[in-house]
Amino acid sequence: MTVSASAFDALRQDALAGLARATDEAGLEQWRVEWLGRQDGRLTRLLRSVREQPAAERPAFGAAANGLKQALEAALGEREEALRREALQALTTTDALDVTLPGRPQALGRLHPVTQTLRDCVQAFAQMGFRVVEGPEVEWAAYNFDAVRIPEDHPARDMWDTIWVDTLIGGERKMLLRTHTSPNQVRVMERMQPPVRVIVPGKCYRQEATDATHEWMLTQIEGLAVDEGIRMSDLKGVLYEFARQMFGADRKIIFHHSYFPFVEPGVEMAIDCFICRGLGAACSTCHGTGWIEILGAGMVHPEIIDNVGYDSARHTGFAFGLGIERVALLRWGIEDIRNFYQNDVRFLEQF
Ligand code: PHE
């Protein structure tokens with residue numbers, strides 16, 4: 001087979017036309033394999049065929065084929081470079097950075113409304129001389145219940161549907177997520193001598209059906225004051241002052257008698273319902289009572305005073321357990337406590 005000069009020319013044109021049609025990396029590679037591929041490239045085959053040429057024509061054939069190969073390699077390099085430049089050029093329009101645009105405002109975070117309320121409550125009690133201490137969220141049943149006069153099988157345990165930690169100790173479940181902050185009454189008295197004036201803020205957990213005023217996790221502040229001569233009127237004075245600071249002088253407060261095994265006497269304090277103003281029998285926030293309970297309280301039971309090694313003949317005290325979510329509801333007129341923990345920024349942003 002002989003290949004004339006014009007045949008080399010036609011090949012070259014064919015190759016260059018194909019190269020011009022390649023517009024990306026994949027196209028270039030396809031073209032390279034077609035023409036310059038080591039196994040079966042069209043030019044590779046041409047070069048191999050030198051041997052088949054008549055001896056006299058071999059040098060000219062070889063030179064022409066090699067010349068063509070070099071030309072195609074060079075053309076490939078150029079085309080690669082051109083495509084790279086084009087891509088870069090395109091980037092400057094698609095990825096253009098307009099330094100004259102105004103900056104995008106950064107969304108600032110803020111404290112969760114329950115945290116804000118907790119801090120305000122802590123502040124109100126701190127001003128009245130209460131010191132903040134903390135206790136464990138995973139608690140011993142012995143502290144959560146027994147130490148505050150709720151023995152096993154006592155019906156009062158039903159007031160706190162408990163989330164137990166499923167670890168058996170001596171064949172029994174002894175740990176739980178505290179159902180209230182009251183175990184800290186005992187924890188604090190065990191390590192302090194009177195006069196005691198503390199508040200213990202923290203999360204508590206109850207396994208209960210949620211509704212507009214109940215969640216399975218709640219935040220409480222336990223308050224405890226023990227000293228000589230502390231009376232029920234001291235408790236009422238502190239709680240009145242707290243309510244005045246948090247809700248203003250206009251809101252109404254009511255104390256009901258109530259039962260908690262660790263106080264005697266025991267009360268509940270409620271605030272007038274801001275949703276129905278006492279008029280709505282169907283109000284889901286106050287359940288038609290006109291009042292929203294925000295805390296339980298009472299005089300620390302003398303048995304507890306004696307059990308921690310104090311002398312109940314000398315020392316008396318009061319305790320209260322305040323529900324922070326309830327305070328937040330009242331403060332902002334929020335209807336449903338479940339809003340707090342659904343992580344909907346549209347809700348949370350309002351506070
Ligand atoms: N621990 C009680 C509760 O969670 C509230 C309480 C605290 C009542 C202190 C009396 C005294 O319901």
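All ligand and atom numbering here is 1-based and tracks the order in the structure.
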Starting from the N and O atoms of ligand 1, find every protein N or O within less than 3.5 Å and list the pair with its distance.
from     : atom 1 : to     : atom 2 : distance (Å)
ligand 1 : 1 (N)  : His180 : ND1    : 2.9
ligand 1 : 1 (N)  : Ser182 : OG     : 2.8
ligand 1 : 4 (O)  : Arg206 : NH2    : 2.7
ligand 1 : 4 (O)  : Gln220 : NE2    : 2.9

Under a 3.5 Å cutoff, is there a donor and acceptor pairing between the side chains of Gln207 and Thr162? no
May I ask you to test the Asn184-Pro136 pair for a side-chain heavy-atom distance under 4.5 Å? yes
Checking Asp336 now: which residues fulfil salt bridge (Lys or Arg N to Asp or Glu O under 4.0 Å) with it, not counting sequence neighbours? Arg338
Can the ring centres of Phe125 and Phe320 be said to be less than 6.0 Å apart? yes
Is it the case that the side chains of Tyr341 and Glu325 hold a donor-acceptor pair, with the cut-off being a distance below 3.5 Å and no angle test? yes
Looking at Gln127, I want to see if its CD is surrounded by more than 12 non-hydrogen atoms of other residues, nucleotides or ligands under 6.0 Å. yes
